[in-house]
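Step one of this worksheet: look at the structure below.
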Amino acid sequence: VQRIPSWRWWRPLLGTIALVVMAMFVVQIGLVLAFGAYFVLRGDGFAELNDSLADLASLDPVTPLTLAFLNLSLAAAIPVAMLVQLVCHQLHPGWLSSVARRLRWRWLLVTLGLSLVALLATLAVGAVLPAQDAPGMSEELNPWTDTTRDFLLVIVLLTPLQAAGEEYAFRGYLTQAFGGWLRSRWAAVLIPAVLFALAHGAQDPPVFVDRLAFGIVAGILVITTGGLEAGIAMHVLNNFLAYGLALAFSDMTTALNPTAGSWWMLPVTLTQSLVYLGLCTYAARKLGIATATPPPPVVWGATPGPERPISWP
């Protein structure tokens, strides 16, 4: 979509740098100031304020406040990516969401249902594979506490925004930037997928490959469905499942720092990803979901025309 007449080679490069700088520094500083104001209002002294702010940057241990901070920092990628799209490319921010220049909410609801079907297929495959011995997982249900309640509120309210933020950054902006820059669908899918896996920090090979596979499938879905809706739905459901299991049988610190994993997790992940990819691609074709922008090339003030596909430049 970014390859309009005003396209220049430096625009995606400048936009990628701006996205990283704003997400890693500007947003973080703003959130630290906001949380700092909250700590002051609740009566923290200087020493307590310093300790509270230091804890925000640590995921060991994870508390409801640190999870809220993390989710908000990732959710902020949505307005950041839209601002970069507007300023660096002179394009309406809606083109990040889909080829319809908006988030297609009905299609999003359909993909949520399809992601649930893929999850059931995953559970069926996982039931016949050797136990994966997830670190910290207990066979007994964790007790209900006030902390559990606070975690649950943060997860329900902020996790969908966090998942969407990652999709807007990696499968929204970076997919368009690298795909348009290198004129390659492979680059559009693979480069953001690798960056997505690396962005999750230290991890052993099975965990890295698992996240890389997720990024590749989510990237392919952008092309086969023409938008971020399918990736967002899969991302939200995966995070809900992971956080829910952590609250019920493990702890959030272990869930957010999975440095070790088993290669047996890959068949389970691939089952979910490939089933979901097939279902979404088939449903998109049957429902006539647009997968490309209508001609002429889109500009800032353009209104989408008839939704008929065009080939890539």
Side-chain angles (χ1 to χ4, degrees), residues 1-2 10-38 53-59 62 65-98 103 154-155 157-181 187-203 208 211-212 214-216 218-219 222 227-229 231-232 234-236 238-239 243 256-257:
V1 176
Q2 292 175 359
W10 52 266
R11 290 186 186 274
L13 179 61
L14 176 63
T16 300
I17 295 174
L19 180 71
V20 172
V21 170
M22 292 180 68
M24 295 188 66
F25 298 102
V26 178
V27 168
Q28 301 302 316
I29 292 173
L31 285 175
V32 166
L33 292 175
F35 275 75
Y38 164 74
L53 291 177
D55 290 341
L56 288 178
S58 173
L59 292 179
V62 175
L65 270 180
T66 58
L67 182 60
F69 181 87
L70 174 64
N71 281 354
L72 287 172
S73 64
L74 294 173
I78 301 174
V80 167
M82 289 183 172
L83 181 61
V84 170
Q85 180 89 330
L86 172 61
V87 174
C88 294
H89 300 274
Q90 300 177 340
L91 276 169
H92 192 292
W95 292 116
L96 284 179
S97 301
S98 76
L103 205 62
V154 172
I155 292 169
L157 296 176
L158 297 182
T159 292
L161 295 176
Q162 167 257 315
E166 293 187 51
E167 293 305 309
Y168 269 88
F170 289 98
R171 259 70 65 178
Y173 183 79
L174 292 180
T175 289
Q176 292 190 26
F178 286 111
W181 194 14
V189 172
L190 292 178
I191 296 178
V194 172
L195 295 176
F196 173 77
L198 292 174
H200 284 78
Q203 50 202 303
F208 177 82
R211 286 166 173 167
L212 177 64
F214 178 94
I216 291 174
V222 173
L228 300 180
E229 298 90 353
I232 291 174
M234 181 170 67
H235 207 147
V236 170
N238 279 0
N239 287 2
Y243 291 156
L256 287 173
N257 298 281

Could you walk me through whether Leu83 and Met22 satisfy the side-chain contact (heavy atoms from CB on, under 4.5 Å) test, starting with their C-alpha distance in whole Å, then the side-chain angles of each, then the deciding distance to 0.1 Å, before giving a yes or no?
CA-CA 10 Å; Leu83 181 61; Met22 292 180 68; 3.5 Å; yes
Let me see the working for Leu72 and Leu158 under side-chain contact (heavy atoms from CB on, under 4.5 Å), right down to the final yes or no.
CA-CA 7 Å; Leu72 287 172; Leu158 297 182; 4.0 Å; yes
Evaluate Val20 against Phe25 for side-chain contact (heavy atoms from CB on, under 4.5 Å), listing each step before the verdict.
CA-CA 8 Å; Val20 172; Phe25 298 102; 5.7 Å; no
Give the C-alpha distance, both sets of side-chain angles, the deciding distance and a yes or no for side-chain contact (heavy atoms from CB on, under 4.5 Å) between Leu53 and Val32.
CA-CA 7 Å; Leu53 291 177; Val32 166; 4.0 Å; yes
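Within the 4.5 Å cutoff, the side chain of Gln162 has heavy atoms near those of the His235 side chain. The side-chain heavy atoms of Val80 and Leu19, taken from C-beta on, include a pair separated by under 4.5 Å. His92 is not listed as a side-chain neighbour of Leu86, based on a closest heavy-atom distance of 4.5 Å or more. Inter-residue side-chain proximity for Leu161 and Asn71 is flagged as unmet; no heavy-atom pair is nearer than 4.5 Å. Using a 4.5 Å heavy-atom cutoff, the side chains of His89 and Pro12 are in contact. For the pair Leu195 and Phe178, the minimum side-chain heavy-atom distance is below 4.5 Å. Using a 4.5 Å cut-off on side-chain heavy atoms (C-beta onward), Ile232 and Leu103 make contact. A 4.5 Å side-chain heavy-atom check between Leu56 and Leu31 finds every atom pair outside the cut-off.
Atom CG of Leu74 is separated from atom CZ of Phe69 by 10.0 Å, given to the nearest 0.5 angstrom. Put simply, CG on Leu65 and CG on Asp55 are 9.5 Å apart, with the number rounded to the nearest 0.5 Å. Taking CD of Glu229 as the start and CD of Glu167 as the end, the distance is 11.0 Å to the nearest 0.5 Å. The CZ atom of Arg11 sits 9.0 Å away from atom CG of Leu91, with the distance rounded to the nearest 0.5 Å. Separating the CD atom in Glu166 from the CG atom in Asn239 is a distance of 7.0 Å, to the nearest 0.5 Å. With values rounded to the nearest 0.5 angstrom, Leu96 atom CG is found 10.5 Å from Ile78 atom CD1.
No close placement of the Tyr173 and Tyr168 rings is indicated, their centers lying 6.0 Å or farther apart.
Gly165 approaches Ala77 most closely through the heavy-atom pair O-CB, 3.4 Å. Nearest heavy-atom pair, Gly215 versus Arg171, reported as atom, atom and distance to 0.1 Å: CA-NH1, 3.5 Å. The two residues Thr16 and Ala177 have their closest heavy-atom pair at OG1-CB, 4.2 Å. Considering all non-hydrogen atoms of both residues, Gly15 and Cys88 come closest at CA-SG, 3.8 Å. Between Met82 and Ser97, the closest heavy-atom pair is CE-OG, 4.4 Å.
A donor-acceptor pair under 3.5 Å is formed between the side chain of Thr175 and the backbone N or O of Phe170. Put simply, the side chain of Gln176 gets close to the backbone of Trp95: a donor and an acceptor are under 3.5 Å apart.
With no hydrogens or angles considered, a side-chain donor-acceptor pair links Gln85 and Gln2 at under 3.5 Å.
Relative ring orientation between Phe196 and Phe214 is described as parallel, the plane-to-plane angle staying below 30° on a 0-90° scale split at 30° and 60°.
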